[in-house]
Amino acid sequence: MSDPANSTIADALDELGDLYELDGAVIHRVLAYRTAARAVRDARGSVAQLAREGAVTSIPGIGATLERKILDLIETGEIPAAVKLRERYPPGLLAITALPGLGPKRARRLFDELGVDSPDALRAAASAQRIRTLKGFGAKGEQAILAALDAGAAERPRSRTLLDRALEIGELIIEALRALDPQAQIMLAGSARRRADSVKDLDIVVDCPSLLDSLGTLDLLEEGGRTSPSAARGRTHSGLTVELRAVSSEQFGNLLQHLSGSSAHNAALRERAVRVGLHISEYGILEDATQTTHHCATEDEVYARAGLSYIEPELRENRGELEAAAAGTLPVLVELSDIRGDLHAHTTASDGHASIEQMAQAALALGYEYLAITDHSATHGFGDDVSPEQLRRQIELVREADAKVEGIKLLAGSEVNILPDGSPDYDDDLLAALDWVIASVHTSFALDRDAMTERMCRAANHPLIDAIGHPTGRLVQRRAPYELDVDALIATCAATGTMLEINASPHRRDLDEIHSRAAAAAGVRLVINSDAHSTGGLQSLPYGIWTARRAWLTAADVANTLPWPAFAARLKRSRR
DNA sequence: GCCGTTTTCGGCCCGACTGTTTTCAGTCG
């Protein structure tokens with residue numbers, strides 16, 4: 001039996017935390033499980049392997065008790081405590097806690113006193129007006145429960161919006177607000193500012209309270225209005241919730257910092273601050289010694305008062321950034337302007353929408369020094385295969401276009417399929433005729449973990465495969481990564497000098513930030529590519545940059561920050 | 001359940017809102 005993935009272990013710890021919470025455990029014990037689950041999910045290597053080596057307690061938040069439970073999970077597939085608790089609390093009870101206003105405490109009372117053990121049982125109890133008979137519950141709450149059930153809140157998880165859509169809407173809203181008050185400070189906060197893969201809602205901070213009344217008047221919004229003297233809420237036509245918060249200019253930094261989160265970052269920041277006699281909130285920093293509250297106009301001041309250097313929003317996930325900020329060892333993160341070329345682009349030769357020359361002109365306009373044309377290969381399987389003969393012709397066409405378009409180096413490449421056995425779908429002499437080969441999986445996603453890992457590692461071992469494209473195949477919010485031991489792939493890439501792609505499509509962002517960070521730490525060089533299928537597609541590169549920044553990468557970790565000659569010299573085909 | 005310029009016990013971020021209440025627990029972000 002292969003080891004459970006970090007996400008599997010994390011899910012098990014989260015579930016156990018939920019069960020203990022239903023069981024009435026003290027909240028700090030429950031939180032310990034959630035903290036541990038998060039740490040496992042964010043861990044850079046295999047937690048199962050670490051546990052088998054007896055070193056899992058090196059992860060902050062995991063002690064002897066959780067080590068035992070993780071080992072049980074690895075060895076038997078189950079955690080005994082979870083098995084026992086599941087018998088006591090039916091799964092329908094956890095579903096009930098997904099309803100707004102119904103947490104573990106109230107759900108537990110409905111279960112104990114009314115026998116409510118599922119959303120259906122809850123509906124029956126509410127319809128019969130039995131819920132209002134409980135102490136602490138009332139008619140209003142009963143109506144709210146029925147309304148939430150009717151809205152389907154118990155069945156589907158709350159939907160999240162992809163970052164590209166969220167930023168597009170957020171920027172339009174900010175633009176509209178700025179037009180109303182050009183002097184106001186207006187900033188996007190929340191997970192959109194941290195450039196997470198997807199967002200639950202949009203948070204915007206302003207220093208001009210009169211803008212709160214304007215939110216609902218914007219064309220972009222379906223509805224909106226004030227919810228308190230300092231806040232307004234609205235909903236876009238696409239259903240995205242927008243939270244607008246106003247604060248004085250003197251406290252702008254405090255509120256911006258607070259609303260930019262993440263909650264884990266803020267909690268850890270505040271815990272650190274308490275140890276030095278400071279209490280950080282969204283309104284200011286209370287100093288124990290003087291009993292004065294310091295207002296901060298900027299985030300720099302917030303972090304400086306806490307004894308920390310400024311922390312970029314992309315790093316605020318409590319993944320070690322506070323310790324690094326205290327020690328003055330935060331990395332200088334890679335920026336879009338560091339990028340000199342894009343090494344993954346399609347044309348009409350396969351499934352792209354533009355010609356080689358059009359793509360070249362678009363890349364030139366972005367200031368790039370080089371662009372690789374990497375159409376799909378012979379077995380793409382979507383009716384746009386590029387036969388070996390066609391690829392030889394395509395190489396000539398790229399050379400011709402390269403001679404024609406001034407100011408940018410065009411590279412003849414291919415995005416070859418990695419066949420189920422791990423081999424590429426062109427012959428070696430054809431691959432050798434190319435400047436650059438990126439290899440990706442587009443078929444047979446359902447191989448088991450061992451077979452998929454061997455497949456990918458075989459590809460990474462191929463002397464003419466320079467990089468692995470979108471290495472896990474995940475689509476944000478749509479498709480889970482295929483079963484793959486990413487650590488093993490990273491190790492193979494490190495050993496062979498194969499690069500790993502951070503595919504910048506906002507739908508992919510693959511590798512993700514966790515694995516990208518692990519890859520860089522293992523000495524693997526990352527390459528950030530757009531995977532453009534049109535001239536406009538080249539402009540998705542910032543999403544890859546943001547993933548790289550969330551992975552703590554510097555320009556030195558990213559190969560395509562190099563000029564082409566230096567890049568080419570680092571290719572394993574050059575070094576042979 | 002974890003952890004240590006509070007170190008093996010006693011703490012563990014901060015604040016707003018809600019509904020059901022005469023003072024607050026629970027929920028949420």
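Values below: all heavy atoms of this structure, side chains included; hydrogens, waters and symmetry mates excluded. Chain letters run A, B, ... following the sequence lines, proteins first, then strands; residues in each count from 1.
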| query | Quick one: what's the B/S/- string for nucleotides 22-29 of chain B, heavy-atom cutoff under 4.0 Å, read 5' to 3'? | reply | ----SSSS
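Counting non-hydrogen atoms under 4.0 angstrom, Ile27(A) reaches nothing in the nucleic acid. Residue contacts for Ala273(A): at a heavy-atom cut-off of 4.0 Å it reaches no nucleic acid atom on any strand shown. At the heavy-atom level, Ser228(A) lies under 4.0 Å from the strands shown only through sugar-phosphate atoms.
Judged as a ring-ring contact (aromatic ring centres under 6.0 Å, His included), and not counting sequence neighbours, the contacts of His265(A) are Tyr303(A). Scanning for side chain to side chain donor-acceptor pair (under 3.5 Å) contacts around Asp487(A) gives an empty result, with sequence neighbours left out.
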Do any side-chain atoms of residues 271-279 of chain A form donor-acceptor pairs under 3.5 angstrom with protein atoms, and if so which ones, sequence neighbours left out?
residue	atom	partner	partner atom	Å
His279(A)	NE2	Asp288(A)	OD1	3.0
His279(A)	NE2	Asp288(A)	OD2	3.2

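Once rounded to the nearest 0.5 Å, the distance linking CG of Leu286(A) with CD of Gln291(A) reads 5.5 Å.
Checking dG1(B), dC14(B), dC13(B) against every side-chain atom of His279(A), the shortest atom distance belongs to dC14(B). Side-chain proximity of Thr65(A) to dC14(B), dG1(B), dC13(B): nearest is dG1(B).
Residues of residues 131-153 of chain A having a heavy atom closer than 4.0 Å to DNA chain B, listed by number: Gly136(A), Phe137(A), Gly138(A), Ala139(A), Lys140(A), Gly141(A).
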| request: Please report the C-alpha distance between Leu177(A) and Leu218(A) in whole Å, then the side-chain angles of each, then the deciding distance to 0.1 Å, and finally whether the side-chain contact (heavy atoms from CB on, under 4.5 Å) criterion is met. | output: CA-CA 8 Å; Leu177(A) 292 172; Leu218(A) 302 182; 4.1 Å; yes
| request: Just do the side-chain contact (heavy atoms from CB on, under 4.5 Å) check on Leu163(A) and Asp197(A) with the steps written out, would you? | output: CA-CA 6 Å; Leu163(A) 182 63; Asp197(A) 295 332; over 6 Å; no
With the criterion being N/O to N/O and under 3.5 Å, what pairs connect the protein with nucleotides 5-10 of chain B, and how long is each?
none

